[in-house]
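Proteins get letters first, then strands, A, B, ... in listed order; numbering begins at 1 in each. No hydrogens, no waters, no symmetry mates; every other heavy atom, side chains included, goes into these values.
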2 protein chains.
Amino acid sequence: MTRNAASADRHPVLPPLPSIKAAPFVRVRAARVVELLTPDEQRELAELSTLVRLRRHGMLHPEGGHAEAVFNLVRGVAQTYHLSPSGERRVTSFLFPGDLCGLSENGYYVNTAQAVTNLIAYRIPLRALRNIVSRDPALDAHLLCKLCHDLRAAERHTVMATRRDARRRLAAFLLRMQSDGADGADDVDEGGGGGDVIRLPMLRHDIADYLGLTVESVSRAFQALEDDGVVRRRSPKLIRIMNPDALRRATEEE
Amino acid sequence: MTRNAASADRHPVLPPLPSIKAAPFVRVRAARVVELLTPDEQRELAELSTLVRLRRHGMLHPEGGHAEAVFNLVRGVAQTYHLSPSGERRVTSFLFPGDLCGLSENGYYVNTAQAVTNLIAYRIPLRALRNIVSRDPALDAHLLCKLCHDLRAAERHTVMATRRDARRRLAAFLLRMQSDGADGADDVDEGGGGGDVIRLPMLRHDIADYLGLTVESVSRAFQALEDDGVVRRRSPKLIRIMNPDALRRATEEE
DNA sequence: CGCGATATTGAAGTCTGTCAAGCCCTGTGG
DNA sequence: CCACAGGGCTTGACAGACTTCAATATCGCG
């Protein structure tokens with residue numbers, strides 16, 4: 001076993017710089033997702049922002065709250081969700097380092113953003129952001145690119161969450177977490193993170209609310225994938241992919 | 001009956017100008033959605049764009065196609081959708097005048113955009129768009145605003161399409177069409193458009209694929225709402241709201 | 001006015017949601 | 001380091017809703 005006690009507390013001496021990652025409009029290299037911010041922009045944003053550290057389940061911003069800032073996640077994982085009057089919760093996205101949240105309408109946040117793991121984020125006041133953008137038009141273009149990225153992600157989410165059966169929804173989710181969630185590992189030693197092991201930092205309840213299912217259905221879908229030898233649960237949050245091809249097929253198959 | 005034959009062919013002598021509508025970041029007036037483009041921007045975009053007229057079911061751009069332009073819908077209704085390998089279709093959005101489509105990734109369209117009714121759109125080459133944006137930073141900000149708008153819409157769609165039962169999904173959809181679809185009436189005389197009558201320009205199949213249901217379930221959900229005196233179908237595409245409060249409750253109730 | 005496409009209705013099967021119980025994991029405290 | 005307690009996860013049984021398959025009715029266009 002790895003010695004966790006020592007490494008778990010290692011905070012980066014310097015916090016990571018602001019970072020916005022997205023797939024660009026035109027192919028750059030082989031990379032699917034690249035850093036959009038230039039070192040200058042990172043420094044500028046860092047200067048005008050405040051650093052926020054949250055423990056698990058801490059709130060970045062509440063739905064309906066007065067929107068004065070956006071947040072740039074640089075470490076850890078977060079989620080955004082809506083609460084309906086009847087108490088139903090719908091998770092609309094999971095956020096990883098390089099992501100933004102704080103979408104507003106008419107000056108109010110349209111969703112709640114909450115820490116899934118301990119996290120570090122830059123709180124970027126909207127006034128400051130507008131200031132920088134006015135001096136640096138390139139940043140505007142970068143934000144545009146990021147929003148296109150998020151829009152594509154939102155569409156994929158809809159497609160994923162409206163799949164017919166739970167098994168396919170979960171399979172699609174696991175594939176997505178394999179690529180998106182590769183980064184974002186938090187206070188966890190990287191021991192099991194590599195290769196064909198997916199780490200799911202969120203609770204089953206979060207996955208269920210993200211996929212439009214119940215926790216029970218998520219469990220049963222895991223069981224179904226496991227029975228077919230597609231994946232194996234080492235622990236609830238550590239999923240080993242036994243058959244990558246089968247997992248890919250499981251997202252589309254008839 | 002109204003004499004449709006004559007009015008169906010009345011084309012505006014001058015096509016409508018380019019138009020991008022969205023809810024702004026900060027409340028402007030009572031208006032929820034406003035025109036973002038200045039008259040100058042409208043003129044500039046019109047000059048560099050080509051006008052596209054499509055008949056019902058015509059294609060604006062195909063998924064996977066080389067992305068060279070975005071489209072600005074100025075008349076009629078369109079939809080975007082994904083086709084999965086197994087043949088399932090998921091409609092990701094309905095577009096109305098003031099909307100944009102042509103989202104791309106790595107230079108390729110990520111979805112297919114198709115005319116739901118006869119429509120008119122501006123085809124804006126990406127090269128030209130980049131050109132204008134470089135000269136007019138304000139336009140960049142407007143596009144940013146529009147993308148935020150679309151992102152919120154995408155989130156609402158996900159919430160709508162993952163509601164538990166078909167009745168609530170359809171109720172939410174109808175409410176949305178009442179506000180969004182108020183504009184966009186196409187080759188239809190405005191006779192039945194006003195008041196508490198909702199015109200649904202798309203097919204049941206489109207609605208089903210948008211809500212993650214089958215056409216049969218959509219029909220039965222209509223029936224359920226009708227049995228409860230919430231709405232009444234004057235024809236498949238003309239829905240009269242009998243009880244607006246009940247319709248609103250039907251979207252949230254336990 | 002008639003035909004093809006679209007929409008509705010019906011019946012049976014399947015999957016998910018619900019309710020309930022038990023197990024396992026995790027984190028806390030000794 | 002270990003024990004314990006609480007929360008999270010899984011499993012089972014049943015009812016309900018949706019999907020599927022099939023047939024009929026209706027709409028809308030030529």
Side-chain angles (χ1 to χ4, degrees), chain A residues 1 3-5 8-9 55-57 86-90 116-118 161-170 186-189 192 199-209 211-227 231-239 254, chain B residues 1-2 4-5 8-9 55-57 86-89 116-118 161-171 186-189 192 199-209 211-227 231-239 254:
Chain A
M1 298 303 124
R3 303 290 302 271
N4 236 4
D9 263 11
R55 302 195 63 77
R56 206 153 64 119
H57 300 155
S86 54
E88 281 180 311
R89 192 182 74 134
R90 296 274 95 129
V116 167
T117 67
N118 297 341
T162 55
R163 279 226 192 323
R164 292 265 113 84
D165 55 324
R167 191 166 176 272
R168 265 179 287 184
R169 293 190 206 179
L170 183 61
D186 177 33
D187 44 2
V188 176
D189 72 293
R199 176 158 184 86
L200 303 175
M202 67 291 291
L203 303 178
R204 289 289 187 270
H205 195 72
D206 299 326
I207 298 176
D209 289 349
L211 295 179
L213 298 169
T214 59
V215 281
E216 293 92 336
S217 290
V218 173
S219 266
R220 278 186 263 267
F222 266 119
Q223 188 61 51
L225 288 176
E226 206 166 301
D227 288 345
V231 302
R232 180 170 296 172
R233 288 168 284 188
R234 293 183 53 81
S235 76
K237 302 195 173 179
L238 222 50
I239 312 300
E254 183 52 23
Chain B
M1 298 305 123
T2 58
N4 238 5
D9 264 11
R55 301 196 63 77
R56 203 153 67 117
H57 301 155
S86 54
E88 281 180 312
R89 193 183 72 134
V116 168
T117 67
N118 296 342
T162 55
R163 279 225 192 321
R164 292 266 112 86
D165 55 322
R167 191 166 176 273
R168 265 180 287 185
R169 292 190 208 179
L170 182 61
D186 176 35
D187 46 0
V188 177
D189 69 294
R199 175 157 185 88
L200 302 175
M202 66 291 290
L203 304 177
R204 289 289 187 272
H205 195 72
D206 300 326
I207 299 176
D209 289 348
L211 295 179
L213 298 168
T214 59
V215 282
E216 294 92 335
S217 291
V218 172
S219 266
R220 279 186 259 267
F222 265 118
Q223 188 62 51
L225 289 176
E226 205 166 301
D227 288 345
V231 303
R232 178 170 299 172
R233 288 169 284 188
R234 294 181 55 80
S235 77
K237 301 195 173 177
L238 222 52
I239 312 299
E254 184 53 22

Could you tell me if the side chain of L225(A) sits less than 4.5 Å from the side chain of R167(A), heavy atoms only?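 Contact flag for R167(A)/L225(A) side chains = yes.
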Do the charged groups of [X] and [Y] touch, with an N to O distance under 4.0 Å?
X: R164(B); Y: E88(A); result: yes
X: R89(A); Y: D206(A); result: yes
X: E226(B); Y: R220(B); result: no

Go through the steps to decide whether K237(B) and M202(B) satisfy the test side chain to side chain contact (heavy atoms under 4.5 Å, CB included), and finish with yes or no. CA-CA 8 Å; K237(B) 301 195 173 177; M202(B) 66 291 290; over 6 Å; no
List every contact pair, protein side and nucleotides 1-3 of chain C side both N or O, where the distance is under 3.5 Å.
none

What does the B/S/- profile of nucleotides 5-20 of chain D look like, 5' to 3', with a 4.0 Å heavy-atom cutoff to protein? ----SBBBB----SBB
From CZ (R199(A)) to OG (S235(A)), nearest 0.5 Å: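 These two atoms lie 7.0 Å from each other.
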[X] [atom1] to [N] [atom2], straight-line distance once rounded to whole Å:
X: R168(A); N: dT14(C); atom1: CZ; atom2: C1'; result: 13 Å
X: L200(B); N: dG28(D); atom1: CG; atom2: P; result: 12 Å
X: I239(B); N: dA7(C); atom1: CD1; atom2: P; result: 11 Å

If we ignore hydrogens and angles and just use 3.5 Å, is the side chain of R90(A) paired with the main-chain N or O of G212(A) as donor and acceptor?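 Looks like no, no N/O pair under 3.5 Å.
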Please check this pair: side chain of R169(B) against backbone of A221(B), looking for a donor-acceptor N/O pair closer than 3.5 Å.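 No; judged by distance alone, with no hydrogens or angles, the pair does not exist.
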